[in-house]
Amino acid sequence: MLRALHIEPRKCTGCLQCEMACSYEHYGVFNPAKSVIRVFNFHREGRFVPYTCTQCAEAWCLHACPVDAIQANPQTGAKVVMDALCVGCKVCTIACPFGTVNYNQQTGKVIKCDLCGGDPQCVQACPTAAITYVDADWTGLERMRAWAGRANAAVSEQAQA
Amino acid sequence: MAWTRNVLRVNLTEGSCAAEPLNTEWASQYLGQRGLATKYLCEEVDPKTDALSPENKIIMATGPLTGTVASTGARYSVITKSPLTGAIACSNSGGFFGAELKFAGWDMIIFEGMSPEPVYLHIEDDRAELLSAAGLWGKSVWETDESIHARHQDPQMRIAAIGRAGENGVLFACIVNDLHRAAGRSGVGAVMGSKNLKAVAVRGTRGMDAGSIHDIGAFMEATRAGKRVLAENAVTGQGLPKYGTQVLMNVINEIGALPTRNSREAQFEGASRISGEAMHEPRPSDGKPNLVTNAACFGCTIACGRISKIDEEHVTVKTKPEYWGASGGLEYENAWSLGADTGIDDLEALTYVNFVCNEEGMDPISFGATVAAAMEMYQDGALSRDQTGGVALEFGSTEALCRLVEMTGRGEGFGTEIGLGSKRLCDKYGRPELAMVVKGQEFPAYDPRGIQGMGLTYATSNRGACHLRSYTVASEVLGIPVKTDPLVSEGKAELVKAFQDATAVVDSSGLCVFTTFAWTMEDIQPQIAAACEGDWSLEDLGAMGERIWNLERQFNLAAGLTGKDDTLPKRLLTEPPKTGPAQGRVSDLGKMLPEYYRIRGWSEEGVPTQETLQRLGL
C-alpha cells in the first residue's frame with residue numbers, strides 16, 4: 001500500500017520541528033534553510049501551513065528533467081532526485097507548479113521531498129499530528145469521519161425530536 | 001560543543017563589526033545566554049555606568065541548545081545595565097530570532113558605544129554590517145519589520161527591533177522580535193534606543209551541524225524523552241496549549257492573590273471576563289472568539305503562545321483596520337497589568353492595548369502597573385486632570401488606558417511621564433508609597449500577601465520585581481514539584497533559593513523556563529550534557545546556577561544597590577487585603593529575608609561572604 005503525506009494546517013503551531021527533522025535526516029544539520037518541508041506563517045490570519053511536495057503521479061519535474069535525474073520510487077511513490085545524475089539545470093524548478101523543488105547552491109543539485117525512503121521524519125517530529133503519513137488512497141478519511149460525525153449528529157437530533 | 005564559538009562585536013561609535021572567538025573558559029563556567037552574557041557584561045562594563053550612556057553595552061546571547069531540536073530551544077537573552085532599575089537587566093525572549101542568530105553562526109552579539117546616526121545591524125551568515133536606519137527612525141516595530149523585509153527582499157529574515165518607545169527613552173521599552181515576542185522587562189529597548197540602534201535583522205543559512213553537538217545520539221534520545229514528558233504533563237501538554245499562561249487568571253483570583261487596582265485589593269470581580277477561558281468564548285458581536293489559535297516559538301512542542309483578533313466593531317479599532325489582523329494576544333501578566341490592576345474587564349480593549357505595546361515596543365507589565373499607580377493618584381487628588389493632559393484617569397476607564405498607551409508609545413504629553421515608570425512618576429507627584437515596585441521595577445501578577453514565596457522572589461530578584469527569577473507559584477499554587485501552602489512563609493527562603501538557581505541554569509541553556517512545569521533538572525541535565533562538552537552533572541549545574549545568581553548580585557552591589565533595596569512596597573507589608581483567602585495577611589518578608597541571606601551564604605546586610613564567593617569560584 002502506498003502512503004502519502006497528509007497535512008492538516010489547522011493543527012500546526014508553527015514550531016518548525018518538522019523542518020529541523022528534515023534537514024537533519026538529509027544533511028545532518030538542524031537548519032530550516034535546508035528543509036524541503038516549509039511552514040508558512042500567515043500572520044494576519046493567524047494560520048500556520050506546512051507545505052511540501054505532493055508527489056504528483058504525472059510529475060512535471062520528472063517529465064521536464066533533460067537527464068532523467070528525477071525518478072519515481074515504486075515502493076514509496078516518491079519522485080526522487082538522483083544526485084549522481086542531476087546537473088543543476090533547474091528546469092524542474094521552473095516546471096513544478098507548486099515550487100516544491102528548489103535548487104541548493106551548496107551542492108549544485110536540486111532538492112525535493114523524497115519521503116525519507118518511506119519513513120518521513122517530519123511526521124515523526126510533528127508534536128500535534130498536523131503531518132501524518134497515511135494510505136495514499138484515503139487522505140480524506142479523517143475529514144470524512146469528521147463530517148460523518150456531524151451529519152450523523154443531525155440525524156440523531158431529528159430522530160429524538 | 002553546541003556553541004558556535006563565534007561572538008560578533010559591534011562597535012556602534014566606530015561603525016565596525018568584528019568576529020571574535022567565544023571565551024570557552026567562561027562558557028564552561030556559565031554555559032551560555034544569561035549566565036555567559038552576564039559574565040561578559042561584568043567583565044566589560046563598570047556597574048556604576050549610566051545605563052543610557054555609550055559606556056553601557058548591550059548583549060544579545062543565545063544558549064547552547066538554542067536552534068537545536070530540543071523542545072523550546074528558541075530562547076535568547078538581552079543583558080545590559082537597566083535604566084529603569086540601575087541593576088543588571090536580563091530579559092529573555094522566544095520567537096524565531098534567537099535560533100536564526102545561531103543558524104547564522106553566532107552565539108552572541110555585543111553592542112558597544114553609540115552610533116552617531118540611527119542604524120540597524122544586518123547579518124547574513126558570517127557577514128555583518130551596519131546600515132542606515134534614517135528611514136526607520138520614528139517608525140513602529142511593525143513598520144520597521146515590514147520595511148526591512150521589503151528592503152532586503154528576504155521574507156525569511158528574522159528581525160528584533162525597538163519601536164518609538166525605545167527611541168523616546170520610555171524606561172520600560174522592550175526589544176520586540178518576530179512582531180510580538182519580546183525581551184520585555186527592565187527597559188532594554190531604551191538602552192538600544194540610546195545607542196541609535198533601531199533593529200537587528202538576521203538570516204542564517206548555515207544551521208547547527210549535528211557534528212557540533214557533543215554526543216548527537218545521546219542528544220536525540222534525551223530531547224525525544226524530554227518532549228514525551230512535556231506532552232504527557234497536564235500543564236505543558238494541555239493547560240498551556242489551550243489557555244496559554246492565561247490558564248492562571250481565574251486560579252490566582254480565587255486564591256486571593258490577583259493584585260487589583262494598584263494592589264488595594266487582591267481579587268478582581270471582572271477576572272473571569274479577561275481570563276483564558278473568556279478568550280475562547282464566542283463574542284456576542286460577531287460570534288467569533290478573541291483567540292484565533294495557539295502558536296509555538298521555534299522548536300517548542302508546548303505552544304502556549306496566543307494569537308488573537310480584535311472584534312472589528314469594537315470601539316478601540318472600529319476606524320483602525322490596521323488592527324483587524326491577528327497578532328500576539330494576551331498573556332496572563334499582561335491581562336493582569338492592563339486589566340485587573342487598572343480595574344478594566346474589557347477583553348477586546350485589553351487586546352488592543354497589548355497590540356499597541358508590541359507595536360510601540362514597551363513592556364505591558366510596567367506600563368499597566370504605572371497606569372494603575374497614576375489612577376490611584378488621580379483618585380486621591382495627587383494628580384489632576386490638568387496634569388494628565390485632560391485624561392480622566394479613573395480606575396476602570398478603558399478610554400484612559402487606550403489613550404495613554406498611544407501617548408506613551410509616541411512620547412506625547414502625559415505619556416512621557418507614564419514612560420518614566422511608577423517609581424519616578426509617584427515620586428514626582430509626592431506619593432512614592434503608591435509605586436508597586438522593587439528596585440524601581442513594577443511587580444507582576446501575583447500578590448505577595450496571598451503567595452508568600454513571591455514576596456521574597458520580588459524582593460530579592462536581581463533585576464527588580466519579577467516572577468520569572470523564582471516562580472514559586474509552581475509549588476505554592478500548582479504543587480510543582482511539591483505543594484506548599486501559599487499563605488505560609490516558613491520554608492519559602494529555601495524554596496526561593498532553589499528556584500532561583502535552577503532558573504538561572506534554564507535561562508543559560510537556550511530552553512524556556514515554562515518547561516519546568518513538567519521538567520525537573522533530571523530531565524534538563526541530560527540534554528545539556530549531551531549537547532555540550534565539559535562537566536555538566538546535576539551538581540555542576542546547581543553550582544553554576546548559584547554562581548550566576550551571585551555574579552548578578554555582585555554587579556548590583558557594585559552598582560550601588562544594597563540589602564535595603566531587597567524590600568517590598570509598604571502596602572504589601574502593612575495593609576492586608578479585604579477579601580479572599582489572604583484576608584488579614586501581609587507579606588512576611590521580614591521573617592523570610594534574614595533566613596534567605598543565611599541560606600545564600602550572605603552577610604546580614606545581604607553581601608556574599610568571601611567564603612561563599614570562593615566556594616563558587618567568583
Side-chain angles (χ1 to χ4, degrees), chain A residues 7-51 99-100 102-108 111 116 119-132, chain B residues 2 67-74 96 99-100 102-104 125 142 145 155-156 178-180 203-213 216 220 223-224 227-228 230-231 237 241 291-309 322 324-329:
Chain A
I7 294 172
E8 283 186 81
R10 200 176 43 81
K11 292 184 180 172
C12 178
T13 63
C15 76
L16 310 191
Q17 283 282 350
C18 56
E19 296 191 5
M20 278 188 289
C22 181
S23 63
Y24 179 65
E25 172 70 14
H26 292 96
Y27 297 98
V29 60
F30 304 133
N31 187 0
K34 293 275 189 299
S35 170
V36 293
I37 185 163
R38 299 310 303 260
V39 179
F40 294 89
N41 180 355
F42 295 89
H43 183 259
R44 271 187 72 85
E45 300 153 44
R47 287 197 302 136
F48 303 100
V49 184
Y51 198 71
T100 54
N102 285 283
Y103 180 67
N104 179 334
Q105 45 185 301
Q106 205 175 5
T107 59
I111 55 170
C116 298
D119 182 17
Q121 292 303 297
C122 52
V123 173
Q124 303 294 336
C126 180
T128 60
I131 311 167
T132 50
Chain B
T68 70
V69 284
S71 184
T72 77
F96 297 83
E100 197 73 18
K102 200 79 177 283
F103 293 151
D125 293 334
W142 295 354
D145 189 281
Q156 301 190 73
D178 304 292
L179 299 173
H180 54 77
R203 177 79 198 288
T205 68
R206 296 154 61 122
M208 283 276 292
D209 197 302
S212 72
I213 305 288
I216 186 68
M220 295 306 280
T223 52
R224 208 173 293 129
K227 288 172 193 167
R228 214 158 33 231
L230 294 176
L291 185 76
V292 177
T293 185
N294 66 326
C297 294
F298 179 87
C300 177
T301 57
I302 303 172
C304 73
R306 303 291 89 186
I307 302 295
S308 285
K309 261 188 192 174
E322 63 270 31
W324 291 357
S327 194

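Just so it is clear, the structure is predicted and the values come from calculations on it, not from any experiment.
With a 4.5 angstrom heavy-atom cutoff, B:Ser327 touches chain A via backbone and side-chain atoms both. Of the atoms belonging to B:Ala295, heavy atoms from both backbone and side chain fall under 4.5 Å from chain A. When heavy atoms are compared at a cutoff of 4.5 Å, B:Phe298 approaches chain A by way of both its backbone and its side chain. With a 4.5 angstrom heavy-atom cutoff, B:Leu179 touches chain A only via side-chain atoms. For a residue to count as touching a neighbouring chain, one of its non-hydrogen atoms must lie under 4.5 Å from one of that chain's; by this rule B:Glu100 does not touch chain A.
Side-chain N/O atoms of A:Gln124 and B:Arg224 include no donor and acceptor closer than 3.5 Å.
Listed by chain and number, the residues in a side chain to side chain donor-acceptor pair (under 3.5 Å) with A:Arg44 amount to none (sequence neighbours excluded).
In this structure a side-chain-to-backbone donor-acceptor pair under 3.5 Å is present from A:Asn31 to B:Thr205. Between the side chain of A:Gln17 and the backbone N or O of B:Cys300 there is no donor-acceptor pair closer than 3.5 Å.
Two residues are said to be in side-chain contact when any heavy atoms from C-beta on lie closer than 4.5 Å; B:Ile213 and A:Phe30 meet this criterion. Taking the side chain as every heavy atom from C-beta outward, B:Phe96 and A:Pro32 never approach each other to under 4.5 Å. Side chains of B:His180 and A:His43 form a contact here, defined as non-hydrogen atoms less than 4.5 Å apart. Counting heavy atoms from C-beta on, the side chains of A:Lys34 and B:Arg206 never come closer than 4.5 Å.
Top candidate by heavy-atom pairs under 4.5 Å with chain A, chosen from B:Ile307, B:Asn294, B:Ile216, B:Val292, is B:Ile216. When B:Ala303, B:Gly299, B:Ala210, B:Ser308 are compared by the number of non-hydrogen pairs under 4.5 Å with chain A, B:Gly299 comes out ahead. Highest contact tally toward chain B, considering only A:Cys15, A:Pro127, A:Cys12, A:Cys18, is held by A:Cys15 [criterion: heavy-atom pairs under 4.5 Å]. Here A:Arg38 is the residue among A:Arg38, A:Gln106, A:Glu19 with the most heavy-atom pairs under 4.5 Å with chain B.
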